[in-house]
Visitor: 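Dumping the structure here so I can ask a few things about it.
Remember, it's 1-based here, ligands and their atoms both numbered in the order they're listed. Just so it is clear, the model here is predicted, and its values are computed rather than measured.
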Amino acid sequence: MVTLACVLLPARGCVLCDPSVVDGLKNLVDSYLPQHLPPKDQEDVIKRLESAVREFQELPIDDQTYMGAVDEPTLHKAAWSFLSDLGHLTSSGVKGDVMVKELFWMIQRQKKRFVDHSAQFLKESYCPNKCGLMLQALIWCKACEKQVHACRKSRDCGERHIEVREMEDMILDCDLNWHQASQGLTSYRFYRVWDNETEELLTEREQPILAKPMVGPKDAGNYRCELGTVTNSPATIIYFHVKVLPKETQEEEPQFMPAPENGVPSTLTTALQEPTTLQEPLDPAAMLKIELIWLLLPGLVVVVCSTGAL
Ligand SMILES: *[C@@H]1O[C@H](CO)[C@@H](O)[C@H](O)[C@H]1NC(C)=O
């Protein structure tokens, strides 16, 4: 009799890259089939199962629906869906021909659902960076290999115009929402860009924010931040143009202030202009997570293909 190793050895399609799906199918073949199917039918069903499962590897490639790779959350979603469908089948206790029919319907249904999950991934989470370089960890379905994919967009991540009052805090924020999902990042470097086109490195740090308290007129000018990666290309470059405005002088003239006409007291207006509190720094460990090596997912090591008798 054909063992499950033979069923799954040649067939690795994305949902099968999840070890729990392989375990689920193994359980089905080892425990459920023998109790719910006459022995003479089992070999045939296992062979059909093998080819149905292999079709997961041969899904058509299309840039809207499936490109041969998905991210880990998508794989987990698809695996969960597959296993819960399989769980429904086995917990119903269905037998014989009805069971065989339902099993293959279920696999067809899950194939469609996998493509839906993959299409959703391509639409929403594939290369979410609008600029710069993001290194995204993906699982390549054919071989179940985890590999880092470079999402390259326009080098220019924009310019920010910052106005800050003298004696207040200058905050340069280099964070973009996709940074925390990117692999292979190193650190944020902040530079002062002088008019003679030279640059001076001010600081290098894990946190995406440079805060300078009590700025003076000398701090006005141009700055640049650069988020590095383990490759030669930076993940992000942002330019900042900082203007330093004169100090507010409201302490000296409250007696000359007219009563507020629009109902907003002048003290409240200034309070609203106070700099906001600093953002929480990101977890440095997460920032430094580097997975540039090809990683084989565990759990897919299939041992021996026995074609002998039971
Ligand atoms: C460029 O300007 C800065 C600030 O004025 C100065 O410190 C630096 O030495 C200058 N560099 C060159 C090469 O002129």
Visitor: To the nearest 0.5 Å, how far apart are CD in Gln207 and CZ in Phe190?
Guide: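 These two atoms lie 9.5 Å from each other.
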Visitor: Identify the protein heavy atom lying closest to atom 12 (C) of ligand 1, giving its residue, its atom name and the separation to 0.1 Å.
Guide: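 Checking every protein heavy atom, the shortest distance to atom 12 (C) of ligand 1 gives Asn196 ND2, 3.2 Å.
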Visitor: Below 4.0 angstrom from a heavy atom of Thr198, which ligand 1 atoms are there? Numbered from 1 as shown, please.
Guide: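 Matching atoms, with element in brackets: 1 (C), 11 (N), 13 (C).
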Visitor: Is any N or O atom of Trp194, backbone or side chain, closer than 3.5 Å to an N or O atom of ligand 1?
Guide: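 No, no N or O pair falls under 3.5 Å.
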Visitor: For the Cys pair Cys141 and Cys14, is the SG-SG distance shorter than 2.5 Å?
Guide: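 Yes, the SG atoms sit under 2.5 Å apart.
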Visitor: So for atom NZ, which belongs to Lys153, do other residues, nucleotides or ligands contribute more than 12 heavy atoms lying within a distance under 6.0 Å?
Guide: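 Enclosed: over 12 neighbouring heavy atoms sit under 6.0 Å from NZ of Lys153.
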Visitor: Examine Tyr126 together with His149 and report whether their ring centres are nearer than 6.0 Å.
Guide: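 Yes, ring centres under 6.0 Å apart.
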Visitor: Any protein heavy atom lying closer than 4.0 Å to atom 14 (O) of ligand 1?
Guide: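 It does; a protein heavy atom is within 4.0 Å.
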Visitor: Measuring to protein heavy atoms, does anything land under 4.0 Å from atom 2 (O) of ligand 1?
Guide: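 Yes, because at least one protein heavy atom sits under 4.0 Å from atom 2 (O) of ligand 1.
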Visitor: Is any side-chain heavy atom of Gln136 closer than 4.5 Å to one of Cys127?
Guide: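 Yes - at least one pair of side-chain heavy atoms lies under 4.5 Å apart.
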